[in-house]
There are 2 protein chains.
Amino acid sequence: MPKKVDPRQRRTLIADALMRVAAQQGLEAVSLRHVAAAAGVSAGMVQHYFRTKDEMMAFALSVVRDRSQARVTDAVAALGDRPAPRQLLRAMIAALLPLDEQSRDDGRVALAFLAYTAVRPEAAATLRKDNRQLVDFVAGLLPGPDADAAAAGLLALMEGLGVHLLGGNYTPQQALRALDHHLDLIFEATGGAGERPPVTPT
Amino acid sequence: MPKKVDPRQRRTLIADALMRVAAQQGLEAVSLRHVAAAAGVSAGMVQHYFRTKDEMMAFALSVVRDRSQARVTDAVAALGDRPAPRQLLRAMIAALLPLDEQSRDDGRVALAFLAYTAVRPEAAATLRKDNRQLVDFVAGLLPGPDADAAAAGLLALMEGLGVHLLGGNYTPQQALRALDHHLDLIFEATGGAGERPPVTPT
DNA sequence: TCGGATGCAGTGCAGTCGTATTGCAAAAGC
DNA sequence: GCTTTTGCAATACGACTGCACTGCATCCGA
């Protein structure tokens, strides 16, 4: 074994560069040479770690998934043990929304990948599975009958808020207000266990 | 004036071909030659009617906007005079959701353009204006205080349902159920004037 | 009848794309 | 010390891109 390098580290280095390019110029600007330049490495090296561009894209997509998953688990962990369902959901969703500049970049990439997978059904399967798990998890936290429909609606609301945030249609404050309003409806209408907390710091 | 041709007709012919290509292979597959082939015309002709590719893209985007606007006005007109707010909103939103195969294609193109404009802020301005008008209109139909937040939430829900429909995460039935569930919350919780109709045909 | 404008096809060009291939330096095993 | 394997750089190639340009047919106005 020659030269001791960590292949995974190299691959994530390249994937990070890819995401930087995609966030600023869109996925269609992602080429081997652009990514290599953004990563400060040679095009040959990119090719060395990803034999094909599709392989590189798939890896970058998995990085996006992992990153947002980590965001969620971090936010949940910060709430301590046995948080109220409403606070848990709010923290989860807020963690996934592109509210600050950093997560806006991630959101742009995610949106680009969304359009990307819409034309490549084979890459959409894992995303579907992720969403299925999310729906089930959220449904378990919601009160009342029709928890499935409510969970689907809540996650759709999150997705839509994200899109509108990226499009500049809503400010972070507006998005959070819409989210809290929706949580009000869900938890108050059905007499759920989670009242709205007196203060909702951002 | 030689040869009597309607330039607008030609341009929409080309734009339709563009949308066909974009719906099936994504926006990044849209090139002068591909669009020309899909339209059954020469590449030179495309170039004749759109001096630059950006011009063609901008026109296609405007066609997408016009088409969805027409979908809404059609759906509203079909409801007759003075429909109940809830029915009006449901019809509007259902008209904008990619529920059948035909509107799924349009939705795919719209999603692609969403990611497209996310990187080209100058093209996003008109979309922002459209959404602003929609929010105001919807807010006027909603009961209770916080109508603005409720309207933003409802439109975000619509957007998210559309994305999830395109991603294959939800079936049309699930999306409509989530929509009706949300409308239940909005109109029942605040004692609004619109009860849920006994039957909700699709 | 005859210019001239217009609609459109075709070609050429410089550039970028993904990928295959080659070359070479460095480190590990013999 | 020599071979082999690995990490990486560089180049070559064919396909494709957007765009400029040329050529030609058609039709209108004078």
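Protein chains get the first letters and strands the later ones, always in sequence-line order, with residue 1 at the start of each. When reading the values below, keep in mind they use all heavy atoms of this one structure, side chains included, and skip hydrogens, waters and symmetry mates.
Residues forming a salt bridge (charged side-chain N to carboxylate O under 4.0 Å, His left out) with A:D66 (at least two apart in sequence, or on another chain): none. By the side chain to side chain donor-acceptor pair (under 3.5 Å) test, B:H164 is found to be paired with A:N131, residues two or more places apart in sequence or in another chain being considered. Taking the salt bridge (charged side-chain N to carboxylate O under 4.0 Å, His left out) definition, one finds that A:R128 meets it with nothing, sequence neighbours left out. In this view, A:Y49 satisfies the ring pair (Phe, Tyr, Trp, His ring centres under 6.0 Å) rule with no residue, not counting sequence neighbours. A search for side chain to side chain contact (heavy atoms under 4.5 Å, CB included) contacts involving B:T52 returns B:D54, B:E55, not counting sequence neighbours.
Distances from the side chain of A:H48 to the nucleotides D:dA9, C:dA9, D:dG7 place D:dG7 closest.
With rounding to whole Å, B:Q25 atom CD is found 11 Å from D:dT17 atom P. Between A:L13 atom CG and D:dG7 atom P there is a gap of 15 Å when expressed in whole angstrom units. When rounded to the nearest whole Å, the span between CD1 of B:I14 and P of D:dG18 equals 14 Å. Computed from coordinates, the B:Y49 OH to C:dT6 P distance equals 12 Å when rounded to whole Å. Note: CG (A:D6) to C1' (D:dT6) measures 15 Å, nearest angstrom. Nucleotide C:dG18 holds its P atom 12 Å from the CG atom of A:L27, rounded to whole Å. Between the P atom of D:dT17 and the CG atom of B:D54 lies a distance of 16 Å, rounded to the nearest Å. To the nearest angstrom, P of D:dG7 lies 12 Å from CZ of A:R11.
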Polar pairs (N or O, both sides) under 3.5 Å between protein and nucleotides 12-17 of chain C?
unit_1	atom_1	unit_2	atom_2	d
C:dC17	OP1	A:S31	OG	2.9

Check the interface with nucleotides 20-22 of chain C: list each N/O to N/O pair with the protein under 3.5 Å, or write none.
unit_1	atom_1	unit_2	atom_2	d
C:dA20	N7	A:Q47	OE1	3.0
C:dA20	N6	A:Q47	NE2	3.2

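Among residues at least two apart or in separate chains, there is no ring pair (Phe, Tyr, Trp, His ring centres under 6.0 Å) pair with a member in residues 118-140 of chain B. Residue pairs that meet the salt bridge (charged side-chain N to carboxylate O under 4.0 Å, His left out) test with at least one member in residues 17-31 of chain A, sequence neighbours left out, are A:E28-B:R120.
Taking side-chain N and O atoms only, B:T52 has a distance below 4.0 Å to OP1 or OP2 of D:dC19.
No side-chain donor-acceptor contact under 3.5 Å links A:R90 to the backbone of A:P85.
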Listed pairs under 3.5 Å, donor-acceptor, residues 32-46 of chain B side chains, sequence neighbours left out:
unit_1	atom_1	unit_2	atom_2	d
B:H34	ND1	B:A29	O	2.8
B:S42	OG	B:G44	N	3.4
B:S42	OG	B:M45	N	3.1

Run the side-chain donor-acceptor check on residues 92-100 of chain A: report pairs under 3.5 Å with partners two or more places apart or on a different chain.
unit_1	atom_1	unit_2	atom_2	d
A:D100	OD1	A:Q102	N	3.4
A:D100	OD1	A:S103	N	2.8
A:D100	OD1	A:S103	OG	2.5

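Atom CD of B:Q69 has 12 or fewer neighbouring heavy atoms from other residues, nucleotides or ligands inside a 6.0 Å radius.
Remark: nothing in residues 55-64 of chain B comes within less than 4.0 Å of DNA chain C through any heavy atom.
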